[in-house]
Amino acid sequence: MHPQFRITSVFAALALWSSPALATSTGITGQSGKDGMTCSTCHKGGELPTVEFEGPTSLEPGATGQYALIIRGGAAKTGGINIAVDSAETSLLASSAGLKKLGTELTHSAPQPFNAGVLRFDFSLVAPATDVTLTLFGAGNSTNADLKSDGDRSSTAKLSVKIGKGTPVDVPQEEEPEENADGGGCAAAGSAPIWGCMLAGLMLFRRRQG
Ligand code: HEC
């Protein structure tokens, strides 16, 4: 391969790879509100929409639940979203057309049209095999379809989902009795272990002497 061609292809690959992050109209992650950032960092000037999750607040371990993130109001011409979950063992799957998976998160693949002031994105959640209480984070952007970031605004929503018995399931049982039995080990004056410790010490002392 000609070296110059090789360099060009590296640049082409880089441009392809980085373009989805810049063109947020084709989807964006890390803006669900889970890490503090939302679409409103860049999208400003529009009216505030309302954003909410719909779906079960409890699931059996390993079960699949049907959910939706719904945007109402705001500029309400087109819109997009970003959904994330705070449990690494949980997977999110896109159900709506116009919704895609990017990394572990969900986002719009192109600006989606509102219908009578409402824009709904359906997805499913596959619960982890172990009990946990997880949180879904969603940001919904209500945009004015000018393919720019002004005249738009987003809101965020959260939903707690209890998997099995939820979290915390087991309060660490091994730790508790030790804490409650004032001290324990050789420091516990007046309790049985101290005699054991003294005996052991005495025997060790005797053996050394002999
Ligand atoms: C880092 C800045 C930035 C962030 C954060 C951002 N966007 Fe954007 N967004 C832009 C820019 C710039 C454009 C215009 C260029 C384009 O179309 O990508 C845009 C355009 C859009 C459009 C088309 C808007 C219109 O009026 O036609 C949608 C829909 C969109 N973004 C959704 C989102 C969503 C949903 C989020 C949050 C989950 C988000 N964006 C977060 C910068 C951002």
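When reading the values below, keep in mind they use all heavy atoms of this one structure, side chains included, and skip hydrogens, waters and symmetry mates. Counting starts at 1 for both ligands and their atoms, in listed order.
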Report yes or no: does a heavy atom of A145 sit under 4.0 Å from some atom of ligand 1? yes
For ligand 1, is there an atom lying under 4.0 Å from some heavy atom of M37? no
By ring-ring contact (aromatic ring centres under 6.0 Å, His included), which residues pair with Y67, not counting sequence neighbours?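 Scan of Y67 (ring-ring contact (aromatic ring centres under 6.0 Å, His included), adjacent residues dropped) gives F123.
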Any residue meeting ring-ring contact (aromatic ring centres under 6.0 Å, His included) with F121, in chain and number order, not counting sequence neighbours: none
N/O/S of C42 less than 2.8 Å from atom 8 (Fe) of ligand 1? no
Is atom 8 (Fe) of ligand 1 less than 2.8 Å from an N/O/S atom of T24, whether that atom is in the backbone or a side chain? yes
Out of [options], which residue meets the side-chain contact (heavy atoms from CB on, under 4.5 Å) rule with [X]?
{"X": "N141", "options": "C42, S25, S154, S40", "result": "S154"}
{"X": "T57", "options": "T133, V161, L159", "result": "L159"}
{"X": "T167", "options": "T130, V132, L134", "result": "V132"}

Would you kindly specify which portion of [X] sits under 4.0 Å from ligand 1, judged on non-hydrogen atoms: side chain, backbone, both or neither?
{"X": "T107", "result": "neither"}
{"X": "K77", "result": "neither"}
{"X": "I28", "result": "side chain"}
{"X": "H43", "result": "side chain"}

In ligand 1, which numbered atoms sit nearer than 4.0 Å to a non-hydrogen atom of [X]?
{"X": "D146", "result": "25 (C), 26 (O), 27 (O)"}
{"X": "D152", "result": "24 (C), 26 (O)"}
{"X": "L147", "result": "14 (C), 15 (C), 17 (O), 25 (C), 26 (O), 27 (O)"}
{"X": "N141", "result": "30 (C), 32 (C), 33 (C), 34 (C), 35 (C), 40 (N)"}

Within the side chain of [X], is there an N or O that forms a donor-acceptor pair under 3.5 Å with the backbone of [Y]?
{"X": "K44", "Y": "T41", "value": "yes"}
{"X": "D146", "Y": "K148", "value": "yes"}
{"X": "D152", "Y": "G45", "value": "no"}

Between T156, T26, T143, T41, flag the one that comes closest to atom 29 (C) of ligand 1 by a heavy atom.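 Going through T156, T26, T143, T41 one by one, T143 has the nearest heavy atom to atom 29 (C) of ligand 1.
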Of C39, G151, S25, G33, which has the heavy atom at the shortest distance from atom 39 (C) of ligand 1?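 Among C39, G151, S25, G33, the closest heavy atom to atom 39 (C) of ligand 1 belongs to C39.
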Polar contact flag for [X] and ligand 1 (N/O pairs, less than 3.5 Å):
{"X": "P111", "value": "no"}
{"X": "H108", "value": "no"}
{"X": "T38", "value": "no"}
{"X": "N144", "value": "yes"}

E105 vs L92, side chain to side chain contact (heavy atoms under 4.5 Å, CB included): CA-CA, chis, key distance, verdict: CA-CA 7 Å; E105 304 186 358; L92 303 176; 5.7 Å; no
Same cluster for I70 and L99 if Ile/Leu/Val/Met/Phe/Trp/Tyr side chains link at under 4.5 Å? no
Any chance the side chains of D122 and Q66 put a donor and an acceptor closer than 3.5 Å?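 No, no side-chain donor-acceptor pair sits under 3.5 Å.
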